[in-house]
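Input: a single structure, listed below in structure tokens.
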2 protein chains.
Amino acid sequence: MANIKQIATDMGVSVATVSNALTGKGRVSMDMVERIRKRADELGYRPSLVGRALRGGRTGILGLVMPDLTNPLFPRIAQHLSLVADSRHLGILIADSRGNSDEQSQAIDRLVDRGVDGLLIVPQKGTSPGPQRVPTVIINTASDPDNTVSADHVGGGNLIATHIAGLGHRSVVIFGGDPVSEVQRDRIDGMLAGLKNAEEIQVLWGNEGEGLGGLIPAIHKGATAVMTTSDLLALTVHSHLARAGLSVPGDVSLTGFDDLPLATAMHPMLTTVAQNVAQIAERAIDQLSRKISGEPMPDTRVTVPMQLVARHSTANQKQITNLEVSQ
Amino acid sequence: MANIKQIATDMGVSVATVSNALTGKGRVSMDMVERIRKRADELGYRPSLVGRALRGGRTGILGLVMPDLTNPLFPRIAQHLSLVADSRHLGILIADSRGNSDEQSQAIDRLVDRGVDGLLIVPQKGTSPGPQRVPTVIINTASDPDNTVSADHVGGGNLIATHIAGLGHRSVVIFGGDPVSEVQRDRIDGMLAGLKNAEEIQVLWGNEGEGLGGLIPAIHKGATAVMTTSDLLALTVHSHLARAGLSVPGDVSLTGFDDLPLATAMHPMLTTVAQNVAQIAERAIDQLSRKISGEPMPDTRVTVPMQLVARHSTANQKQITNLEVSQ
DNA sequence: CAAGATTGATTAAACGATTAATCTCTGGCG
DNA sequence: CGCCAGAGATTAATCGTTTAATCAATCTTG
């Protein structure tokens, strides 16, 4: 591998001059700059980022800590983070927190040992990592303390609930996966806010088939819409409705959350709410870069709006139900 | 941050002695080793991996190149790779190849510039990256050239086809997403091999709703099972069958591939085939580490068996169909 | 034309570790 | 007593870069 010394001896100048010529700092004649650049190109010279890191005290690498990634949304975040990082000439080192907060801090330690300049943390459900030895930005849990970049889960809940209310639904079931998750609680809070004119709201919890017992009875008692806190949950609900002979959206409207790939694979395609993952990634890296370079922070908590994706699993409230309700 | 020099002056010895004491190399008295270790602990000393990398020529970092990750399997691979890497004291730097092979080589360049010791590449569909400047292992495309670690897609296809054949199905539809994908072609090859006693096999291609036109007619002509090359595809097929009034597995058996989270969220739960992602990750990093350290390679291509996950979307062939066939 | 400013380059230290080569003892042995 | 071996430590080079300090030569200016 060609290094700066090689170029220097080739051109009969000092390494300092080469460094200055290539980085554009210091004072070097136009002529010299050009010749050095040329030679560097010929040799296919690539500066050693390791050498640079040692001297400069910055590796240009960000650490990304993710929880157990059963949630299909995380990879998309990772993908966009990596895209944005690239464009800023940063690298991303990943670590897995394996579903518990002990491993989470170990993962963080390993990243810090490797000399990352900052940390991006998607925290375990229900935990919020304390202050770290390096600049840190938390992703995606709006209820967390400062230094957080997050989708507006409350706003998203509100958005989709308003959609449902606008279709005339007055009796609604809300189905959540896990009460420990701040994200899910936020979403439900938003839904409740958006449903303030509803006549009957029932909140059920449970995942992977549990807690579905209350669903069918609720519908027979007049509920005309089911709102879930995740597309995966919506799929489960959909299957159960189908088995009970209830059609979507004919008999009951159904909504998800996150706009996962399965939302368009289902039939009818799922009405859901999408996170602007690209923007979350961008803002997160923006914030982190600012912290690293010690710039003043304009706002310490950033919230990115969500977007309603209306598809075919929601429809106007049926007339029959209308009659029942108006009795 | 405490460094080796700090410890050295604290103890009144040279940095070389400290380094030797902490790494266990060179000649240092027991007594000295103990005292140095103690002081290092007190200071919370962590060696600078950057300094070490510069001197040693190895960063201890592996680059992971992933294609556009709409495929929900990739994140699981990434997760396990990160786990295995940890246990070997390696780091993983990620890069996204954004769906085309140009960006893929740029992503590789960036990783190499960062000084990774080796590359793990999950290639774009239909492309196979040529030889690289650093040791490389390709993941998950068995039809690729050497240096590949992959699930046995052919074997997996065979496995699930044998399951279907064993249930008495003789007329089968195979549904693939994208003929460009080597992986999917391998899977289908395996299925065909496992169905050699079948009487009628129809292969259809298409994703996101396309190509489904031929499905219902095929079933009315006597097909009793549909096999797909992906769980996502299976979900789409399932919805279409339901709309046509056909039940799974009552009227027709259905299979997926990969055992994604949605496989258990569906109803009935999907019979599918699972990749042993943990083992793939382990073997991949094993191979790569060997290449990096220049050890002789026992086998250049590694194949990891897949596993049948029989759930409730497959059942014995119906009697009615039996009659039809036996006419 | 002398003093000071400017330009273009060099020197050398620094970042944090590893390691080959060297040095200084002490003890063993003939 | 003299010599050698080996233990235990040090010295100094090295990895590839950046950068403050310095120097020599040229240009400006009163």
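Throughout, protein chains are lettered first and strands after them, A, B, ... in sequence-line order, and every chain is numbered starting at 1.
- One interatomic measurement links the two molecules: CZ of Arg46(A) to P of dT17(D), which rounds to 11 Å at whole-angstrom precision.
- Ser97(B) places a side-chain N or O within donor-acceptor distance of the main-chain N or O of Met66(B), the cut-off being under 3.5 Å.
- In terms of position on DNA chain D, the residue among Gly51(A) and Gly12(B) whose nearest nucleotide sits closer to the 5' end is Gly12(B).
- Here the options are Val112(B), Leu288(B), Ile108(B), the test is side chain to side chain contact (heavy atoms under 4.5 Å, CB included), and the partner is Val134(B); only Val112(B) passes.
- Contact between the side-chain N/O atoms of Lys25(A) and the OP1/OP2 oxygens of dT18(D) is not found at any separation under 4.0 Å.
- Phosphate contact (OP1/OP2 of dA9(C), side-chain N/O of Ser14(A), threshold under 4.0 Å): absent.
- The only member of Arg133(B), Gln104(B), Arg114(B), Gln132(B) that meets side-chain hydrogen bond (donor to acceptor under 3.5 Å, both in side chains) when paired with Asp109(B) is Arg133(B).
- Taking atom CG of residue Leu22(B) and atom P of nucleotide dT18(C), one finds them 8 Å apart after rounding to whole Å.
- For dT17(D), its base never sits under 3.5 Å from the side chain of Arg55(A) at any donor and acceptor pair.
- Counting any heavy atom pair closer than 4.0 Å across all strands shown, Ser19(A) reaches a base atom.
- One can place CG of Asn20(B) at 11 Å from C1' of dA20(C), the figure rounded to the nearest angstrom.
- Here dA13(C) presents its P atom at 17 Å from CG of Leu54(A), a figure rounded to the nearest Å.
- Put simply, CE on Met1(A) is 16 Å from C1' on dT17(D), counting in whole angstrom units.
- When the P atom of dT19(C) is taken as reference, atom CZ of Arg58(B) falls 12 Å away, rounded to whole Å.
- In this structure, Met11(A) atom CE and dT10(C) atom C1' are separated by 16 Å, rounded to whole Å.
- Ranking dT18(C), dT11(D), dT10(C) by closeness to the Ala16(B) side chain, first place goes to dT11(D).
- A salt bridge is absent between Asp10(B) and Lys5(B): the closest approach of a Lys/Arg side-chain nitrogen to an acidic carboxylate oxygen does not fall below 4.0 angstrom.
- Listed for the Thr23(A) side chain is a donor-acceptor partner under 3.5 Å among the backbone atoms of Ser19(A).
- Glu34(A) CD: 12 or fewer foreign heavy atoms inside a 6.0 Å radius.
- Residue contacts for Val13(A): at a heavy-atom cut-off of 4.0 Å it reaches the sugar-phosphate backbone alone, with no base atom in range.
- The main-chain N or O of Met306(A) is never found under 3.5 Å from a side-chain atom of Asp152(A) such that the two would form a donor-acceptor pair.
- At whole-Å resolution of the value, CZ in Arg114(B) and C1' in dG16(D) are 16 Å apart.
- Ser48(A) comes within 4.0 angstrom of the backbone, heavy atoms only, and of no base.
- A close approach under 4.0 Å does occur between a side-chain nitrogen or oxygen of Arg52(B) and OP1 or OP2 of dT18(C).
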Taking only nitrogen or oxygen atoms into account, show me every contact under 3.5 Å that the protein makes with nucleotides 6-8 of chain C, one pair per line with its distance.
unit_1	atom_1	unit_2	atom_2	d
dG8(C)	N7	Arg27(A)	NE	3.1
dG8(C)	O6	Arg27(A)	NH2	2.9

